[in-house]
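Step one of this worksheet: look at the structure below.
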Amino acid sequence: QVQLVESGGGLVQAGGSLRLSCAASGRTFSSYAMGWFRQAPGKEREFVAAVSRSGIKRYNADSVQGRFTISRDNAKNMVYLQINTLKPEDTAVYSCAAGLVAGAPTRTEEYGYWGQGTQVTVSS
């Protein structure tokens with residue numbers, strides 16, 4: 001089992017940057033693929049980025065390609081989401097998730113563990 005706690009959200013102006021962090025508990029962090037998802041008010045949860053267990057495979061949603069970068073540090077049980085050139089439409093609650101699957105999965109059903117999320121608000 002793994003517990004996830006996100007941090008790093010906040011209010012930022014359009015064009016700015018943020019780095020979200022997700023701290024994972026447990027001794028088997030490197031067994032989990034990790035992902036970031038976001039949910040804006042009134043909208044369904046949306047896949048953002050994923051990274052494989054080793055960190056070698058990464059996958060971004062088309063909507064964030066070139067602006068968002070996911071990374072992980074297995075020695076520290078951490079996963080990060082670097083967000084650049086923020087846009088108002090990036091406003092959402094961002095959650096990290098862990099899944100005992102291979103590759104960099106994009107579907108919510110492939111993830112068994114979720115954090116509570118961190119709010120990102122982008123002002124225009």
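Remember, it's a predicted structure, so these values are computed and weren't measured experimentally.
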Would you mind listing every salt bridge (charged side-chain N to carboxylate O under 4.0 Å, His left out) that reaches into residues 101-111, with sequence neighbours excluded?
-> R107-E109, R107-E110
Closest approach of A33 and G103, non-hydrogen atoms and distance?
-> CB-O, 3.5 Å
Would you mind listing the cluster partners of F29? Hydrophobic ones only (ILVMFWY), side-chain contacts under 4.5 Å, chaining allowed.
-> V2, L4, V12, L18, L20, Y32, M34, W36, V48, V51, V64, F68, I70, V79, L81, I83, L86, Y94, L100, Y113, V120, V122
Could you list the residues that satisfy side chain to side chain contact (heavy atoms under 4.5 Å, CB included) with S123, not counting sequence neighbours?
-> L11, Q13
Side chain to side chain donor-acceptor pair (under 3.5 Å) filter on S17, not counting sequence neighbours, yields N84
Pairs where residues 39-55 contributes a residue and the test salt bridge (charged side-chain N to carboxylate O under 4.0 Å, His left out) is met, not counting sequence neighbours | R38-E46
Could you list the residues that satisfy side chain to side chain donor-acceptor pair (under 3.5 Å) with E89, not counting sequence neighbours?
-> none
Could you list the residues that satisfy side chain to side chain contact (heavy atoms under 4.5 Å, CB included) with S124, not counting sequence neighbours?
-> P88
Partners of R72 by side chain to side chain donor-acceptor pair (under 3.5 Å), sequence neighbours excluded?
-> N74
Minimum heavy-atom distance between P105 and Y111, given as atom pair plus value = O-OH, 2.6 Å
With sequence neighbours excluded, residues passing side chain to side chain contact (heavy atoms under 4.5 Å, CB included) with A23 = M78
For A92, does its backbone N or O pair with a side-chain atom of Q39 as donor and acceptor, under 3.5 Å?
-> no
Any disulfide bond (SG atoms under 2.5 Å apart) pairs touching residues 4-102, not counting sequence neighbours?
-> C22-C96
What salt bridge (charged side-chain N to carboxylate O under 4.0 Å, His left out) pairs are there with at least one residue in residues 60-69, not counting sequence neighbours?
-> R67-D90
Side chain to side chain donor-acceptor pair (under 3.5 Å) involving T121 - partner list, sequence neighbours excluded = Q119
Identify the heavy atoms of F47 and F37 that sit nearest to each other, and give their distance.
-> CA-CD2, 3.4 Å
